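Contents: one structure, followed by commentary.
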2 protein chains.
Amino acid sequence: MKSALDTMEPIERVTLGDRVHEELCDLLMAGKLFPGDKLSLRNVAATMGVSMMPVREAVTRLVAEEALTVAPNRAVSVPVMTLTRLRELTLIRSEIEGFAVAQAALHRTDKELMRMRSLDEQFRAAVKSDSPNAEKSLKLNKDLHFAVYNAARLPLLSGIIQGLWLKVGPVINLDLRSSSERLRSGDAEQCHARLVAAIEAHEPDKARAALTDDILSSSQFIQSTGILPD
Amino acid sequence: MKSALDTMEPIERVTLGDRVHEELCDLLMAGKLFPGDKLSLRNVAATMGVSMMPVREAVTRLVAEEALTVAPNRAVSVPVMTLTRLRELTLIRSEIEGFAVAQAALHRTDKELMRMRSLDEQFRAAVKSDSPNAEKSLKLNKDLHFAVYNAARLPLLSGIIQGLWLKVGPVINLDLRSSSERLRSGDAEQCHARLVAAIEAHEPDKARAALTDDILSSSQFIQSTGILPD
DNA sequence: ATCCGTGATCTGTGATCACGAAATAGGTTG
DNA sequence: CAACCTATTTCGTGATCACAGATCACGGAT
């Protein structure tokens, strides 16, 4: 028998631990958690209205992804970003995310391209807006980047990149709250334009170059603030 | 005051969850767990002589690393490897591990080079031995690879690669149990030799090429067995 | 012989308790 | 006022319990 039932898909079951994990991920990527901040399982559980158990699970996962660290004192905290760590992260991101956009340039569909253009436009509008709203801009920037990464059609790679963003998230904040991010957003806009254009033209090398410039200029801006130890 | 105390490092505290995690990692990388195998938290806990709690933590971490999957039925199992998944993994591994060996070729120390040569020699001896002992060969192969990766001095990258090996581990077994791996070990030996030579000569491109060949020939051997679905 | 409902059993998830260790506060002593 | 000691609180870890949903085996109906 064929019916409307055939269009059903297996429902994804989401546990409380998943919800807490997602919530903490958002906080990290949005830079709402500062490097060095300490987390208490009981406090997080209380503020989220759940038992300690789901929080334990979420934190365990984040520690596994190195988005959180547990000190020898067994205290969990947001990892402090050092200069060498940021440089390492920048190098790795350039290589891996550069590879992703190169693949995206080869395999993108027109539909995916349209979505990139839409997000690019929204981002450009957001940063040029009179009301800065850095949080919104940051989210649009993230959505645009991952729209490109997902176009590579390598879900494992997208997952790896997500892990990298979790690690750099907290310092994005540092730069953002110093709020002279505006200086660099001209760079970001230009890089995004070059990136989308290269992907449209199926030119992997140019796409990679554009993205590398984006990552590098952002990293160098943070380094130039001199707030990082080491 | 300066004394011998200055040479002390913070002792790493290892929890039961860590121990179980490590144990399961070994099982996965050694290919002792087959794709599709189901794990029961209570059973694992019983066989390891601990409570269910540390096992939960270890499994949670492994699921986060996608080394294990939890079905919508909430049943945890070793992910089944499909053809497209293996191809994706191969592509990503070539890029990321290739980058790692290129960096290693640039930054390796003489000490690290010596260790690579030692492991390479041991590996060659192990595969040519009259008593095959595939398990030992596999471990030496792993140690050699990671000796190179670690020489890149990018610990985050080593961690990412470790995650990739956790995902491919279970199929290594498939090929190993079919045990005609022997056919390919000639390839492996040659690739290793080229790899180590390139790293010794500080030639990143050649190192990357050698490693890519190693990964590719291994992957194609597994694909040629035709045991993978999809 | 095949299908389907029903019971017992086992599963992961979440909550709660227990314990030792670490952090903190408060008071005392130099 | 600073340094030390102690008592209280808070922390993560591990064990145990409770529960809903899934699996499996058995038995009756078609």
Side-chain angles (χ1 to χ4, degrees), chain A residues 1 5 8-25 27-28 33-80, chain B residues 1 5 8-25 27-28 33-80:
Chain A
M1 58 174 178
L5 294 178
M8 292 196 320
E9 292 183 5
I11 76 171
E12 61 176 274
R13 186 134 24 162
V14 50
T15 70
L16 277 184
D18 294 333
R19 294 291 330 273
V20 175
H21 174 78
E22 191 179 4
E23 200 76 30
L24 291 179
C25 276
L27 288 180
L28 280 171
L33 292 178
F34 290 76
D37 276 3
K38 291 184 210 165
L39 295 192
S40 156
L41 297 189
R42 288 178 172 87
N43 285 347
V44 177
T47 65
M48 289 201 179
V50 297
S51 141
M52 210 172 55
M53 218 38 227
V55 181
R56 279 175 72 171
E57 182 182 321
V59 167
T60 296
R61 288 172 60 176
L62 288 170
V63 169
E65 304 167 14
E66 289 185 283
L68 291 179
T69 55
V70 43
N73 319 338
R74 296 181 166 176
V76 293
S77 59
V78 181
V80 295
Chain B
M1 60 172 178
L5 294 177
M8 291 197 322
E9 293 183 3
I11 74 169
E12 59 176 274
R13 200 170 329 200
V14 51
T15 70
L16 277 184
D18 294 333
R19 299 267 315 124
V20 175
H21 175 77
E22 192 179 3
E23 200 76 30
L24 290 179
C25 275
L27 289 181
L28 279 171
L33 291 178
F34 290 76
D37 276 2
K38 292 184 214 164
L39 295 192
S40 157
L41 297 190
R42 289 177 173 85
N43 285 348
V44 176
T47 64
M48 289 200 180
V50 296
S51 142
M52 208 173 56
M53 226 25 239
V55 181
R56 277 175 73 171
E57 182 182 322
V59 168
T60 296
R61 288 171 60 176
L62 288 169
V63 169
E65 305 166 13
E66 290 186 282
L68 291 178
T69 55
V70 41
N73 320 338
R74 296 183 165 172
V76 293
S77 58
V78 181
V80 295

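Note that this is a predicted model, so its numbers are computed, not measured. Letters A, B, ... mirror the listed sequences (proteins, then strands); counts begin at 1.
- Taking the side chain as every heavy atom from C-beta outward, B:Met48 and B:Val55 never approach each other to under 4.5 Å.
- Closest heavy-atom contact between B:Ala58 and B:Gly17: CB-O, 3.9 Å.
- Rounded to whole Å, the distance from CD on B:Glu57 to P on D:dG12 is 12 Å.
- Whole-Å rounding puts the A:Arg61 CZ to C:dT13 P distance at 10 Å.
- Of the listed nucleotides (D:dT23, C:dG14, D:dG14), C:dG14 has the atom at the smallest distance from the side chain of A:Met53.
- Between A:Met52 atom CE and C:dT16 atom P the separation is 10 Å, expressed in whole Å.
- When rounded to the nearest whole Å, the span between CG of B:Leu62 and C1' of C:dG12 equals 16 Å.
- If you check every strand for non-hydrogen atoms under 4.0 Å, A:Asn43 touches sugar and phosphate atoms only.
- In terms of position on DNA chain D, the residue among B:Ser51 and B:Arg74 whose nearest nucleotide sits closer to the 5' end is B:Ser51.
- To the nearest angstrom, P of D:dC17 lies 15 Å from CZ of B:Arg56.
- Here C:dA23 presents its C1' atom at 8 Å from NZ of A:Lys38, a figure rounded to the nearest Å.
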Task: Intermediate values then yes/no, side-chain contact (heavy atoms from CB on, under 4.5 Å), A:Leu28 and A:Leu62 - done: CA-CA 10 Å; A:Leu28 280 171; A:Leu62 288 170; 4.3 Å; yes
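- The shortest distance between side-chain heavy atoms of A:Val63 and A:Thr69 does not fall below 4.5 Å.
- Screening B:Val78, B:Asp37, B:Thr60, B:Val76 for a side-chain contact (heavy atoms from CB on, under 4.5 Å) involving B:Leu68 leaves a single residue, B:Val78.
- Toward the 5′ end of DNA chain D lies the nearest nucleotide of B:Arg42, the other residue of the pair A:Arg13 and B:Arg42 mapping further downstream.
- Taking atom CZ of B:Arg19 as the reference point, atom P of D:dG14 lies 12 Å away to the nearest angstrom.
- Distance A:Leu41 CG to D:dG14 P: 12 Å, rounded to the nearest Å.
- Two residues, A:Pro54 and A:Asn73, neighbour DNA chain C, and the one matched to the more 5' nucleotide by heavy-atom proximity is A:Pro54.
- In the set C:dG14, D:dG14, D:dG12, D:dG12 carries the atom at the smallest distance from any side-chain atom of A:Val76.
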